[in-house]
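Some notes on the structure that comes next.
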Amino acid sequence: MPKQYWLVKQEPTKYPWSQLVKDKKTYWDGVRNYQARNNLQAMKKGDLVLYYHSVVGTEVVGVCEVVRESYQDPTTDDERWVVVDLAAKKALKRPVTLAEIKEDDALADMALVKQSRLSVMPVTKAEFDRILKLGSKAA
DNA sequence: GCCAACGTTGGC
DNA sequence: GCCAACGTTGGC
């Protein structure tokens, strides 16, 4: 099974990338949307996940790795919802903003742009590589 | 802070 | 099973 790529959104006022770096890893709770839930369940250990700051910043700031596959969300008794464990892997040298993504021919069709309300979404390898490339330029 | 987009709920 | 009303998310 080839490695898959994902993007998760979080508001930095709630749980910023810097907090994930400090914590080393976290469980990704609070998903209450079926499409996002299905994506969480499809994540495999070792998959790489872009970390996007929504609302404040609106930019991709880092990469994390799935370290535990989906399990029952510990913050609710409702069996419908799951979490995965994510570990911070590396920060981008500089953030890749939503504005840049929209302007980039290779990225403008991302679910991030098309479906702004989805909080967990798959990303193609081409899109993933492209964002890493943009994010590796000097600040 | 406003508003558009979209998911969910509930009445019929 | 359809659709209107409502709530939430997220960009600006």
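Residue numbers start from 1 in every chain, and the chains themselves are labelled A, B, ... in the order their sequence lines are given, proteins ahead of strands.
We find that OH of A/Tyr34 is positioned 16 Å from P of C/dT8, with the value rounded to whole Å. For the pair A/His53 NE2 and C/dC12 P, the interatomic distance rounds to 17 Å; values are reported in whole Å. Nucleotide C/dG10 holds its P atom 9 Å from the CE atom of A/Met121, rounded to whole Å. In this entry the distance linking CZ of A/Arg117 with P of C/dT8 reads 10 Å, nearest Å. In this structure, A/Leu112 atom CG and B/dC6 atom P are separated by 14 Å, rounded to whole Å. Across the protein-nucleic acid pair, A/Asn38 atom CG and B/dG7 atom C1' stand 14 Å apart, rounded to whole Å. Distance A/Met110 CE to C/dG11 P: 12 Å, rounded to the nearest Å. Taking atom CH2 of A/Trp81 as the reference point, atom P of B/dG7 lies 13 Å away to the nearest angstrom.
For A/Ser119, the listed nucleotide lying nearest its side chain is C/dG10; candidates were C/dG11, C/dT8, C/dG10. In the set B/dT8, C/dG10, C/dC12, the nucleotide with an atom closest to the side chain of A/Ser116 is C/dG10. Taking only side-chain atoms of A/Lys102, from C-beta outward, the nucleotide of C/dG10, C/dC12, B/dG7 with the closest atom is C/dC12. Side-chain proximity of A/Asn33 to the nucleotides C/dG11, C/dG10, B/dG7 is greatest for B/dG7.
No more than 12 heavy-atom neighbours from other residues, nucleotides or ligands sit within 6.0 angstrom of CG on A/Asp77.
Considering only side-chain N and O atoms, A/Gln115 lies under 4.0 angstrom from the phosphate OP1 or OP2 of B/dG7. Within the 4.0 Å cut-off from OP1 or OP2 of B/dC6, not a single side-chain nitrogen or oxygen of A/Lys114 is found. Between A/Lys9 and C/dT9, a side-chain N or O to OP1/OP2 separation shorter than 4.0 Å is absent. For C/dG11, the OP1/OP2 oxygens have a side-chain nitrogen or oxygen of A/Tyr52 closer than 4.0 Å.
Looking only at atom types and distance, the side chain of A/Tyr27 has no donor-acceptor partner in the side chain of A/Asp73 under 3.5 Å away. A donor-acceptor contact closer than 3.5 angstrom links the side chains of A/Asp47 and A/Trp6.
Nucleotides of DNA chain B nearest to A/Arg32 and A/Val55 differ in position, and the one nearer the 5' end is that of A/Val55.
Between A/Val49 and A/Val66 the shortest heavy-atom distance is CG2-CG2, 3.8 Å.
No side-chain heavy atom of A/Ile131 sits less than 4.5 Å from a side-chain heavy atom of A/Val123.
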